[in-house]
Amino acid sequence: MSERSARRFSTIVEDAEVSARGDFLREEQYRRIAVGTDRLFIALLAGQWLFSVVVALLISPRAWVGTTSQIHPHVWFAVVVGTLLAVPPSLLAWQRPGAAITRYAVAVAQMAFGSLLIHLTGGRIETHFHIFGSLAFLAFYRDFRVLLVATAVVTLDHVGRGIVWPESVYGVATVQPLRWVEHAAWVAFEDVFLVVSCLRGQRELAETSRRHARLELQAKLELRVNEAREASRAKSEFLANMSHEIRTPMTSIIGYADLLLDPESSSTERLAHIQTIRRNGEHLLTILNDILDLSKIEAGKMTIEQVRCSPSMIIVDVASLMRVRAKEKGLFFEVHYQTPIPETIQSDPTRLRQLLVNLVGNAIKFTASGGIRILARCEDPTTSSPSLTLEVVDTGIGLSDTQVAQLFQPFAQADTSTTRRFGGTGLGLAICRRLAHMLGGDISVNSSPGRGSSFCLTIAAGSLEDVKMFEELQEAGLPESGPLPESMDVSALETLDCAVLLAEDGLDNQLLISTHLKRSGARVAIAENGRLALEMALAASLAKEPFDVVLMDMQMPEMDGYAATSELRRKGYTGPIIALTAHAMAGDRERCIGAGCTDYLTKPIGRSKLVAAVAEYARHAAPRGVPLLSNGMVSATTRRASASSDLVSELEDDPDMTELIEGFTRGLPAQAQRLEDALDANDREAVRRLAHQLKGSAGGYGFPTITEAAARLEQVAREGETLAQALADVCDLCRRARAASALPTRAA
């Protein structure tokens, strides 16, 4: 369709919508006018009934002579006839206001009252004016058909009574045969003007209705345009932020992958490059998981478990994970139990942990000094609906009321400057609130700029009947004495003793997945496409040496995983088939299961998850143990992070990196001094350049905190903002990293 045709079609649709809406508004206005006029005539008919009785009492005895009765018979006539004329249309006006039959009944009754009054007054000419007044009143309906009905009634009345009883109409016993024509002509004369007035009123009402409809349409379109612009702006900002968030780790992945191709790289350098690639890949996976979680929630595909789990163990797990990150930034991290905590609650431990990790992670990200506290309490434990409240309190930058109002909206951050400074996709808190709702609770926030924030997570705890309450919990999450809960057991990777068919067309994935499986003890055969996988699986079954597990990639050449799986099932293959796919949107799992797969794993697949799935379906449980460091020593990172606030490299436990990290940290004080010298010289470009260099190198040596601070300094230098605080943060981190590196690394 051409642009011109599209505009013409849009105009036609708009006109049709305006016309339809205008007709509706006009009918509504007609109905309101009719209802109002009906109510007016209810009062008028009642008044005319009383007036006719008064006329019969006072005027009829003088107009109609010859009666000897003390009460003139017209009184009874007025009472009976007036009642018959007033009651039916009044009931219709009450029961069916605005209906066509109601206004026609009113027109007949109103004109009949005029004829009654003319009769009661003996045909006095003055009373005939009632006819003209009644026509004017009936014109209030703005319906010329009502006037035609009224005119027909008065004409028939004058013709009939003029012939049979002329004295009741004209006041004389003998009249000219066609005198009624004169009366009808005067009525018609008035009708012409009244009908024209009604038609004009209808046109004006139609024009007004169309004008209102067009204004409504324009207002609606403006609202939609504004909503679309706002949505477009929010999504544009989200895409810009997402582009930045994705490009940052992708740049590192691609760059360090190129460095791996350098034949002159030493094994130590290659290991450092691989660790950097892995770290950035995990960060990228976190971003993708946020997007997929939101998609599943919005599609109603997010599933929530309801199992008995230990809230104190979840808090311990999160605290142990996040405390190191907090101490790397020089922040304190505390856990306080404000009330007795149940040993177990009925909830989803995975989602609860995800919620708490997100809230604590945000608190650490947006806090530069001070620290973070987790406050845990159980609300209403003795009632039928107890709840668990976890409050995360920080001393960070805080939020304004406007920022709080949009905080839980998808694709929105507190503001774009915060996004540029701290990063993030704007999905985390939106997902958290929806997950909290699914867990039977909510998330609230109390914050003020510069004074920190308090995020309060509340979830339903389920029945606590016969559940033990821990009354003296320490920060570790356990009473001072007593056995450890079963959830404290630690499991290692499974050991495999099975045959696996891997159907995967990507060489890199073939190597990665098969290596994981072989190192765990599995025997792996590889099929490069679905057709080959089909043939190999069937051939192994016929040879009575079937594969214990088939890992089936769902996107392959020649025959995809869906077709291959369906064909295997059609031919009677009953072995477990686990789908491997990068498609993790809502509905993809159901599609794989519908094709015949036994289970479903999404790429990238972690080694532990892969091995556990294969072990489960191969029905071969491996012995479990506790993994140790290769040198059998306590982790230097853990030891140092718990002992001081010095900044320790994430690669500190790697013996091959020790010398490299030492060399890097040895030069950090000099780099900090060069930054300070550039600031003293007011050379913003030098500050930006030095910050950019530091940003690029710190991450490779396991100092992401320095990378973030250097990136922030580079941004501030580029945008012309005040440099002092950002530069002070970078220099402080550099000196802390050097101080940590200078400490002895082995226990005596």
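We number each residue from 1, following the sequence as shown.
Residues passing the salt bridge (charged side-chain N to carboxylate O under 4.0 Å, His left out) test with Arg270, sequence neighbours excluded: none. Residues forming a side-chain hydrogen bond (donor to acceptor under 3.5 Å, both in side chains) with Arg325 (at least two apart in sequence, or on another chain): none. Partners of Ser566 under the side-chain contact (heavy atoms from CB on, under 4.5 Å) rule, at least two apart in sequence or in another chain, are Ala595. Applying the side-chain hydrogen bond (donor to acceptor under 3.5 Å, both in side chains) test to Glu528 and every residue at least two apart in sequence or in another chain returns nothing. Taking Glu379 as the reference, Arg377 meet the side-chain hydrogen bond (donor to acceptor under 3.5 Å, both in side chains) condition, with sequence neighbours excluded. Residues passing the ring pair (Phe, Tyr, Trp, His ring centres under 6.0 Å) test with His273 are Tyr256, sequence neighbours excluded. Evaluation of the side-chain contact (heavy atoms from CB on, under 4.5 Å) rule for Ala257 yields Ile277 as partners, not counting sequence neighbours. For Asn529, the side-chain contact (heavy atoms from CB on, under 4.5 Å) partners are Arg531, Leu532, Pro557, Glu558, not counting sequence neighbours. Every side-chain hydrogen bond (donor to acceptor under 3.5 Å, both in side chains) that Asp317 has, sequence neighbours left out, goes to Arg353. Take Asp348 and apply the side-chain contact (heavy atoms from CB on, under 4.5 Å) test, not counting sequence neighbours, and it matches Ile304, Glu305, Thr350, Arg351, Leu439. Residues passing the salt bridge (charged side-chain N to carboxylate O under 4.0 Å, His left out) test with Lys571, sequence neighbours excluded: Glu567.
Leu390 contributes atom CG, which lies 8.0 Å from atom OG1 of Thr458 (distance to the nearest 0.5 angstrom). For the atom pair CE of Met554 and OH of Tyr562, the computed distance is 5.0 Å after rounding to the nearest 0.5 Å. Here the straight-line distance linking atom CD1 of Ile314 with atom CD1 of Ile345 works out to 6.0 Å at 0.5 Å rounding. Expressed to the nearest 0.5 Å, how far CD1 of Ile459 lies from OG of Ser387 amounts to 9.0 Å. The CG atom of Asp394 sits 4.0 Å away from the OG1 atom of Thr367 when rounded to the nearest 0.5 Å. Taking CG of Leu359 as the reference point, atom CD1 of Ile364 lies at 11.5 Å (rounded to 0.5 Å).
In this structure, the side chains of Leu501 and Leu551 stay at 4.5 Å or more apart for every pair of heavy atoms. Within the 4.5 Å cutoff, the side chain of Pro381 has heavy atoms near those of the Met469 side chain. A heavy-atom distance below 4.5 Å is found between the side chains of Gln346 and Arg308. Glu269 places none of its side-chain heavy atoms less than 4.5 Å from the side chain of Leu259. The closest side-chain heavy-atom distance from Val360 to Phe333 is below 4.5 Å. Looking at Phe703 and Val648, their side chains never come closer than 4.5 Å, going by heavy atoms from C-beta outward. Two residues are said to be in side-chain contact when any heavy atoms from C-beta on lie closer than 4.5 Å; Val550 and Pro576 fail this criterion. Side-chain contact between Arg523 and Leu496 is absent, with no heavy atoms from C-beta onward closer than 4.5 Å.
In Arg278, the CZ atom is not crowded: 12 or fewer heavy atoms of neighbouring residues, nucleotides or ligands sit closer than 6.0 Å. No more than 12 heavy atoms of other residues, nucleotides or ligands shown are found within 6.0 angstrom of CZ on Arg519.
Closest non-hydrogen pair, Cys309 versus Pro311, comes out as O-CD, 3.3 Å. Residue Ala503 comes nearest to Met552 through the heavy atom pair CB-SD, 3.7 Å, listed as atom of the first residue, atom of the second, then distance. Counting all heavy atoms, side chain and backbone alike, Leu457 lies closest to Ala436 at CD1-CB, 3.8 Å. Taking each heavy atom of Ile526 and Gln510 in turn, the nearest pair found is CG2-CD, 3.6 Å. Here the closest non-hydrogen pair linking Ser514 and Leu502 is N-CD2, 4.2 Å. Taking every heavy atom of both residues into account, Ile341 and Cys378 meet most closely at CD1-N, 4.1 Å.
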Exercise. Could you go step by step and tell me if Thr598 and Ile593 meet the side-chain contact (heavy atoms from CB on, under 4.5 Å) rule?
Worked result: CA-CA 6 Å; Thr598 312; Ile593 301 301; over 6 Å; no

For this session: Determine, stepwise, if the pair Phe455 / Glu391 fulfils side-chain contact (heavy atoms from CB on, under 4.5 Å).
Result: CA-CA 6 Å; Phe455 285 81; Glu391 186 174 0; over 6 Å; no

For this session: Please lay out, stage by stage, how Leu580 and Tyr600 fare under the test side-chain contact (heavy atoms from CB on, under 4.5 Å).
Result: CA-CA 6 Å; Leu580 305 179; Tyr600 165 96; over 6 Å; no

Problem set entry | side-chain contact (heavy atoms from CB on, under 4.5 Å) between Leu517 and Leu610, intermediate numbers included | CA-CA 8 Å; Leu517 295 175; Leu610 172 68; 4.0 Å; yes

Side-chain donor/acceptor pairs under 3.5 Å, residues 533-548, sequence neighbours excluded:
from: Ser541; atom 1: OG; to: Ala537; atom 2: O; distance (Å): 3.1
from: Asp548; atom 1: OD2; to: Ala499; atom 2: N; distance (Å): 2.7

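Looking at Ser266 and Thr268, their side chains never bring a donor and an acceptor atom within 3.5 Å of each other.
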